[in-house]
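Start at 1 and go down the list; that is how both ligands and their atoms are numbered. Predicted model only: the values in this text are computed from it and were never measured.
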Amino acid sequence: MLIKFDRRAPEQDINLILTKLNDAGSRAFRSRSNQNPVIVTTGNIDILKELNLDKINSVERIVDISTSFQLASRNFKEANTVVKVGHLEIGGDKIQVMAGPCAVESREQLFQTAQLVKACGAALLRGGAFKPRTSPYSFQGLNEYGLKLLAEARSLTGLKIVTEVMDTRSVDLVAKYADILQIGARNMQNFDLLKEVGNINKPVLLKRGAGASIEEWLTAAEYILAGGNENVILCERGVRGVNEFTRYTLDLAAVPVVKKLTHLPVIVDPSHGTGHWRYVTPMSLAAIAAGADGLIIEVHPEPEKALCDGGQSLTPKNFQALMARLATLRGIVHREFEEPKIKLQSVNMN
Ligand code: PEP
Ligand code: MN
């Protein structure tokens, strides 16, 4: 049960109700999420009736939500959440594309990619400085030096930065450089990490775990919202399926499902979702047609030399072609698109 107060509700009204609920044995806490003060209560809700909340002027709405995600639910907030990243909006009218290498490898690689993806219409630069690799012997990332390069690339191009934070110890460090903190699929249920990013005021990109149900994913988002950080962007990146020809099974049906269940913006990662550059363009088009608010795409100037995920990375030329094709969906999804400002030599996409 959620008790939503008027924005100007007197503190004593809120505290009185909180105390009464807790005294009566209901677990009740105040959430800092949402612009209106909110009390979230579970357990003994009979007491709510006795409190005659409907007679208290500052109580705006009582929402009965019996799901494990409450603040993330559309029942709680009807209007779409638009996450602001500086002047950019994710979940607004415009489709936003985040693009860049899987991992930051060097100054040259990053700056070259940043300039190319910007010219192709991306508004955000992706790139991991801390990499969650399956093998301990694989390239683990450049760590803080990688973050510094990302910040330099931002100064150079104006692109906003999205990069992964892997553990609670490095949240402050990553937040110092990044515009959006990415929680990777492997960490979707790292509850301490979710709590930690719930305490910061920067947007969080929450990837769906490879084995996570939609409810588990939204409940993970709830951790961040319950901490007071309303700026959560969901990212569908594929789940483990039975198909041996793609790395994961990109669950595009999750897009309209999540749009119905929550008010949060949702983007799609067709690079990890398919694991092959060849399938990235068709699945990007399908993701936007399905209602996604944006995409996160791996692009590398020389995919064959990439230290991580080269096989699923687009060349700049293929990325440029993808951006041009995406914009043809304008009249179908009634969204705005940024088109490429350059024309790289055309390539065979088959
Ligand atoms: C990534 O974005 O490079 C990444 C590791 O993604 P995921 O957590 O979805 O595997
Ligand atoms: Mn990757």
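- Remark: R237 is positioned above the aromatic ring of Y248, its terminal NZ or CZ atom under 6.0 angstrom from the ring centre and at most 45 degrees off the axis.
- Of the N and O atoms on the side chains of S58 and D13, at least one donor lies less than 3.5 Å from an acceptor on the other residue.
- E11 pairs by the side-chain contact (heavy atoms from CB on, under 4.5 Å) definition with I14, N15, R30, not counting sequence neighbours.
- The pair R335-D93 does not count as a salt bridge, with every side-chain nitrogen at least 4.0 angstrom from each carboxylate oxygen.
- Using a 4.0 Å cut-off between charged nitrogen and carboxylate oxygen, E298 and R126 count as a salt-bridge pair.
- For a heavy-atom separation below 4.0 Å, the residues in contact with ligand 1 are C102, R126, K131, P132, E164, Q182, G184, A185, R186, K207, R237, H272, E298.
- Ion pair E152/R107 flagged as a salt bridge, since at least one NZ, NE, NH1 or NH2 atom sits closer than 4.0 Å to an Asp/Glu carboxylate oxygen.
- Between the Mn ion (ligand 2) and the N, O or S atoms of E298, the shortest distance is to OE2.
- At least one N, O or S atom of H272 sits under 2.8 Å from the Mn ion (ligand 2).
- Distances from the Mn ion (ligand 2) to each N, O or S atom of D309 single out OD2 as the nearest.
- Taking a cutoff of 4.0 Å between a charged side-chain nitrogen and a carboxylate oxygen, D179 and K84 do not qualify as a salt bridge.
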